[in-house]
Amino acid sequence: MILTKAQYEEIAQCLVSVPPTRQSLRKLKQRFPSQSQATLLSIFSQEYQKHIKRTHAKHHTSEAIESYYQRYLNGVVKNGAAPVLLDLANEVDYAPSLMARLILERFLQEHEETAPSKSVINSMLRDPSQIPDGVLANQVYQCIVNDCCYGPLVDCIKHAIGHEHEVLLRDLLLEKNLSFLDEDQLRAKGYDKTPDFILQVPVAVEGHIIHWIESKASFGDECSHHAYLHDQFWSYWNRLRTPGRSSCSVFKSSLASSWKKSPPKIIIRIGL
Amino acid sequence: MAAVLESLLREEVSVAAVVRWIARSTRGSEDNPGEAAALSSLRPLRKEFVPFLLNFLREQSSRVLPQGPPTPAKAPGASAALPGRPGGPSRGSRGARSQLFPPTEAASTAAEAPLARRGGRRRGPGPARERGGRGLEEGVSGENLPGAGGRRLRGSGSPSRPSLTLSDPPNLSNLEEFPPVGSVPPGPAGRTKPSRRINPTPVSEERSLSKPKTCFTSPPISCVPSSQPSALDTSPWGLGLPPGCRSLQEEREMLRKERSKQLQQSPTPTCPTPELGSPLPSRAGSLTDEPADPARVSSRQRLELVALVYSSCIAENLVPNLFLELFFVFQLLTARRMVTAKDSDPELSPGVLDSLESPLFQSIHDCVFFAVQVLECHFQVLSNLDKGTLKLLAENERLLCFSPALQGRLRAAYEGSVAKVSLAMPPSAQAVSFQPETDNRANFSSDRAFHTFKKQRDVFYEVLREWEDHHEEPGWDFEKGLGSRIRAMMGQLSAACSHSHFVRLFQKQLLQMCQSPGGAGGTVLGEAPDVLSMLGADKLGRLWRLQERLMAPQSSGGPCPPPTFPGCQGFFRDFILSASSFQFNQHLMDSLSLKIRELNGLALPQHEPSDEDGESDVDWQGERRQFAVVLLSLRLLAKFLGFVAFLPYRGPEPPPTGELQDSILALRSQVPPVLDVRTLLQRGLQARRAVLTVPWLVEFLSFADHVVPLLDYYRDIFILLLRLHRSLVLSQESEGKMCFLNKLLLLAVLGWLFQIPTVPEDLFFLEEGPSDAFEVDTVAPEHGLDAAPVVDQQLLYTCCPYIGELRKLLALWVSGSSGRSGGFMRKITPTTTTGLGAQPSQTSQGLQARLAQAFFHNQPPSLRRTVEFVAERIGSNCVKHIKATLVADLVRQAESLLQEQLVTQGEEGGDPAQLLEILCSQLCPHGAQALALGREFCQRKSPGAVRALLPEETPAAVLSSAENIAVGLATEKACAWLSANITALIRREVKAAVSRTLRAQGPEPAARGERRGCSRACEHHAPLPSHLISEIKDVLSLAVGPRDPDEGVSPEHLEQLLGQLGQTLRCRQFLCPPAEQHLAKCSVELASLLVADQIPILGPPAQYRLERGQARRLLHMLLSLWKEDFQGPVPLQLLLSPRNVGLLADTRPREWDLLLFLLRELVEKGLMGRMEIEACLGSLHQAQWPGDFAEELATLSNLFLAEPPLPEPQLRACELVQPNRGTVLAQS
């Protein structure tokens, strides 16, 4: 599905300083009934991530952390069952999962002698039952299930979507009888960076010769196009001898018009 | 010198004698019959003769300079500067001249006078000899400076006779001169005036010659700086201006500076500046060509004689640059017109008649006649030029007119020629592909280095792409655009190992992009690689040519361009300069040297004069191609090696002199050469591989700084090269000697080298008595590479694009004076980009090997190549096959052994390293089978391949021998690899398998079981896992809150959700382990919320609580999913985590029956053991609970424990807990 720039901007406009909650998403769906939930969620997530990237630093000053922690403590003393942490996150315009992590880190610092390792924190976020404090465990859990842009569950959903699209792509390749090497096979050969699939025999699609395919199961806004080009696509191009121009292709599930600006050596396609 | 010419012209001495005389002098043999006494008296001057002759011709021709393309730096001809220059201090020379040729000799032929005069000058004191070379060189570069020529001429003798001026390109800067030349009346004047000139004129005033020159000196010099259109073209313009002036020292000094500056700058891909060319057409357009008429040649005999001597010098390689002379002759041939000078030279008007100066070329007719005479002597060279040039020559009407015989031969040569030289297409940059063998993690010292290199590769290509996109944009600057990024990248290359990795990438990319001169990595000869050409024949071909023409640079910068970095090479040059990293340069030099050694030593197939005809021709195509690839690669590498190696010593300042030079020499002679080129050259000459070694050596030396030729080490090299040059007499062809085109290539590159500004001017003529000694020592292999026809025109023109200038000259002639619009076509010759296909010949020892060699010797070379190729491929395939079969089997065994190990040892399967050791010790001995299997594989596969590739008609005995050898070689290759590497290979693969298995097991090995796929009938229509996680997450967030009052889920929705979950879990198509894990965890959370009755229900009756029966049904569904459908572990213990049990604490009234129900079901279905549950319940007591909750928990715990293992009366038990809920329970 291809969105026009105007459509995309209209959606993005609605997402300015909206908390990443179930309710926000529901409102968005009501507002743009013609867009699929996946597209809306993907745009929401990307916009929100951009927002967080911009504001991330100010939540990580020691003063801010301290003040959040105190507010949290005061809140739970008053009423441990209330959504203290979630409200706090929404109030200061920060992702609930990230706020949960912040408070959890702070909490553990206070209660353990050594600073908690990242893996301990991650594991506790994945399974809040491991958090020694019952109230905090509930608060953290609440944050995580109510956050639709960050957190282990969201990560898992994104990962699953990516995986599913790869499978779809693979099925399609098999169906079309195209011989390919997948990422695992390439890794086994020692490649450092690999696309999802390298075609063993190149094919021509609409006049372009395709050597490799990378599935990107997300909405492609300008920003992510740029990032992907830089982080991945050129790297593939650098490693896989691809004579001539326009030799590589990328599939996206949905995408803004900005993809047209991509260089001719890499083709971006929307939808399978 | 002049005396020699003089006596020659007087017919006192025969041409043959003169040539013998010169040749002797060069050969240093003294046993000549003292045929001409006149000559013997002049013996000490012999070696000055050639420079003198060349200078003389240049000077003479300067009066009739053709309107050829402006030839930049080193074009021949412009002799104007010469006469004064060679003499050095002109005082001495003047004296000599007057002594030799007193005015009384005016009676002698007109021709003698100038000769004599020049001769006198040349003869000056000692330095004159050394100056000779320089004089030539500079004269050369002064070529085409019509203004200069004309001016000089006028200066020397115009008042007395209406001398000729040139209609050549205007000296733009010389405003004083420009208008008069432009206003010169066309043709007729030129034609009529020579007749006047021919008349002998009084000589008495000859001495006054110097005066006008002096007068002319100052203004032109002052003009020089402004007259420089570009660095490249400065010297011709600058040179031409002050010709004949007396203060030649000054002029030369300036030139030298200019040159050294130019040399420093030269590496930029110099395109001839349009400014230079553009004025030409406009002016030329206004003039008509002067027809040349053989009948009007003024002094045939004299011209014939000089032409003969000149030709002999060329033929004997007494001139430094064959093609430069040819270029000069072509210029004469295509001279458009002679324009008489107006008698407007104010300085000259008081001058005296110069009867001695009767010019050699008095008219266009003379020029053309002379040129044709010379060309006739060099038909063989001409016939080996490319087809395009031959065509233009054959169609040249002047040639037809002056020598129909030569024209006929040329036409025949053209028709027979297959030497089409094609242009290359610059391909878009291709990245060097990832090389698993070398770029693997294992080749890096650390992860960090590996990842750094990974990043660097990306940065490098980013830079390259940016360069590709922008370098042609005006105003784009490499250093400004990319410099800092390159340096930042180099800064990251900390480890030495990273440098070598990067250098390898750099070098590979260099070879890939720049094998041909235009920086194009096309393909060799007719091997048009493209799919396009298969599509359509004719039109595409034309399109191709058109594109070529549009893309090819217009000129390569004259017949002797300075070394440059055309096309893509510029990128690499600029990269090196911008990086300015000592480490990088060192590593690069190491790597280049290594590669050069490797390629230079490559055993290229040697020509065996075989009896079969057709086949050998086909074979030679391939061999030539291979040779061309190797040679071009070598030249490229050597060029960059020279560039980097001499980079620290090159600077804009002029070369040092005197003491400073001595100290520098002392210092530099300590420094070992970056590559022992002297030894390589010596070996190359001995092994008769000069045709391979010399061309790259020339590239290397062309970047030498001024000091290099003075160092003993390099001086030896130059002397060797000079001897080689003399020995390459084209007319001497004999069996086992060097092929004609090979010689031509060497002559061309050597000639070019001798014109490089840094090569001292005196070097060429300095060498005494060279070649004989050189000829003897080659007792080398009967047939060296030199004797093989490895060079064709394509390669010749690729290596020496400046030869194409000849064609341009002719093309310009055809295009007519107004025809500059068509431009020149520059020859870019494509080369193949394919790999070098190096097949090092097998050096196996023993009789068998010698037998095999002998066998091959008697067979066509293709047979050997085929066998070696088959052996190489089969050997390699064999290794792959072993990897895929034997090793893969062993890996499978390792996996199953590992499984057993893990099962027997339980969760603490032991240290992975230890496990690996155990496995390897069990499996590696099996590697021994590899050799047997490999042998069997080669035995089985090789004969078929050989049979398929050799001609059907191959005799059976030959075939079977070939098969056997192929089997042997393949086996040798495969077994050598296998025996060395099989153990390591097995180890590596097993290690990878072990870590894979251990990783796949995850933290809970107990829960692992083999994964089932979906059933065969599955059509994969189940909901996607991502969707389900998302849905369940929504339910969870609703349950956990906060929620709006109207939010909730319907029981139907829950049921549907669980149904979908079941479908998804049964269709494994889209399920990945992390997704399944999260689904499992979410389902457990969901169960806990059900048990605690925390799910807000949207029902028609708006009851907000789930009915017990529905709850149980849902729990049943979950239990079944856990039991049947989840394949990964389900974290059921979370059901009894304090947090989830705590959910119950919040409900009023608390209902424990569902929990108890769930626990019993878990036990019953075998999902959890009683003990496990007991342990969980036990740990629950340790948590802090409200008092009443703790009590109830204890009751539950007791109840559960009290239950008999067969939980039949479950309802009753629940009633015990919550008697008031009994009715509800009964409903379920």
Side-chain angles (χ1 to χ4, degrees), chain A residues 21-23 25-26 37-38 41 81-83 86-87 126-131 134 137-138 141-142 144-148 152-168 171 188-194 217 230-231 234-235 237-245 263 265, chain B residues 427-428 430-434 436-437 439-442 450-451 453-454 457-458 460-462 465 529 992 1020 1024-1030 1032-1034 1036-1044 1047 1069-1072 1074-1075 1077-1079 1081-1082 1085 1131 1133-1134 1137-1140 1142-1143 1146 1183-1184:
Chain A
T21 56
R22 189 177 74 245
Q23 290 87 347
L25 192 61
R26 196 176 57 211
Q37 173 166 355
L41 182 59
L86 186 62
D87 287 346
R126 272 199 302 272
D127 177 13
S129 304
Q130 297 170 10
I131 297 174
N138 284 333
Y141 189 69
Q142 192 173 38
I144 286 167
V145 292
N146 274 296
D147 192 332
C148 66
L153 268 174
V154 175
D155 290 346
C156 176
I157 293 171
K158 286 181 184 164
H159 179 268
I161 293 176
H163 177 76
E164 287 152 14
H165 279 76
E166 263 180 63
V167 173
L168 284 172
D171 285 354
K189 288 189 169 197
Y191 279 81
D192 52 358
K193 270 186 171 178
T194 69
H230 187 265
D231 296 342
W234 282 128
S235 300
W237 189 87
N238 296 343
R239 282 160 180 75
L240 310 169
R241 194 186 296 244
T242 48
R245 301 171 79 76
K265 280 170 182 139
Chain B
S428 68
Q430 291 185 12
V432 170
S433 61
F434 184 86
E437 325 83 64
D439 297 350
N440 211 337
R441 162 70 184 89
F450 181 57
H451 290 296
F453 180 62
K454 181 167 88 180
R457 177 193 285 272
D458 291 333
F460 177 62
Y461 284 111
E462 194 183 304
R465 266 192 304 272
H1020 313 312
L1024 294 174
S1026 59
H1027 172 74
L1028 273 174
I1029 303 174
S1030 184
I1032 297 177
K1033 174 173 168 280
D1034 275 355
L1036 294 177
S1037 71
L1038 260 179
V1040 173
R1043 57 180 171 262
D1044 298 341
E1047 279 187 307
Q1069 175 81 347
F1070 297 102
L1071 206 54
C1072 58
Q1077 276 168 28
H1078 271 93
L1079 282 172
K1081 198 145 91 207
C1082 287
E1085 300 283 353
Q1133 67 284 357
L1134 282 182
S1137 73
R1139 193 174 65 79
N1140 282 330
L1143 292 171
D1146 300 336
Q1184 302 227 321

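Just so you know, these numbers use all the heavy atoms, side chains as well, and skip hydrogens, waters and symmetry mates. To find a chain, count down the sequence lines: A is the first, B the second, and so on, and within it residues start at 1.
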Would you mind telling me which of [options] has the largest number of heavy-atom pairs within less than 4.5 Å of chain A?
options: P1131(B), G1142(B), A1075(B), P1025(B); result: P1025(B)
options: H451(B), R1043(B), H1078(B); result: H1078(B)
options: H1027(B), Q1077(B), E1085(B); result: E1085(B)

Point to revise | Nearest non-hydrogen partners of S1030(B) and I157(A), listed with the distance | key: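 Between these two residues, the closest heavy atoms are CA-CD1, 3.7 Å.
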Point to revise | Shortest non-hydrogen separation from R1139(B) to A137(A) and the atoms involved | key: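 Shortest heavy-atom contact: CD-CB, 3.6 Å.
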So [Y] and [X], do their side chains get closer than 4.5 Å, heavy atoms only?
X: P1042(B); Y: N146(A); result: yes
X: R126(A); Y: K1081(B); result: yes
X: K1033(B); Y: V154(A); result: yes

About how many Å separate [atom2] of [Y] and [atom1] of [X], when rounded to the nearest 0.5 Å?
X: C156(A); Y: L1079(B); atom1: SG; atom2: CG; value: 7.0 Å
X: F1070(B); Y: E166(A); atom1: CZ; atom2: CD; value: 12.0 Å
X: I1029(B); Y: D155(A); atom1: CD1; atom2: CG; value: 11.0 Å
X: D147(A); Y: S1037(B); atom1: CG; atom2: OG; value: 10.5 Å

Check your understanding: With chain B, which of V145(A), N138(A), L153(A), L25(A) has the greatest number of heavy-atom pairs at distances under 4.5 Å?
Key ->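 Ranked by contacts with chain B, first place is V145(A).
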Check your understanding: Among P83(A), G134(A), S129(A), A82(A), which has the most heavy-atom pairs under 4.5 Å with chain B?
Key ->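 It is S129(A).
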Review point. Within the side chain of E164(A), is there an N or O that forms a donor-acceptor pair under 3.5 Å with the backbone of S1026(B)?
Key: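 Yes.
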Practice item. In sequence, state the C-alpha distance, the side-chain angles, and the governing distance for V167(A) and C1072(B), and then conclude on side chain to side chain contact (heavy atoms under 4.5 Å, CB included). Key: CA-CA 10 Å; V167(A) 173; C1072(B) 58; over 6 Å; no
For [X], which atoms come within 4.5 Å of any heavy atom of chain B: side chain, backbone, both, or neither?
X: Q23(A); result: side chain
X: L86(A); result: side chain
X: D171(A); result: side chain

Review point. Between L1143(B) and chain A, which part of the residue has a heavy atom less than 4.5 Å away: side chain, backbone, both or neither?
Key: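 Contact with chain A involves no heavy atom of L1143(B) at all.
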**Study point:** Non-neighbouring partners of R26(A) that pass salt bridge (charged side-chain N to carboxylate O under 4.0 Å, His left out), sequence neighbours left out
**Key:**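 Partners of R26(A) under the salt bridge (charged side-chain N to carboxylate O under 4.0 Å, His left out) test: D1044(B), E1047(B).
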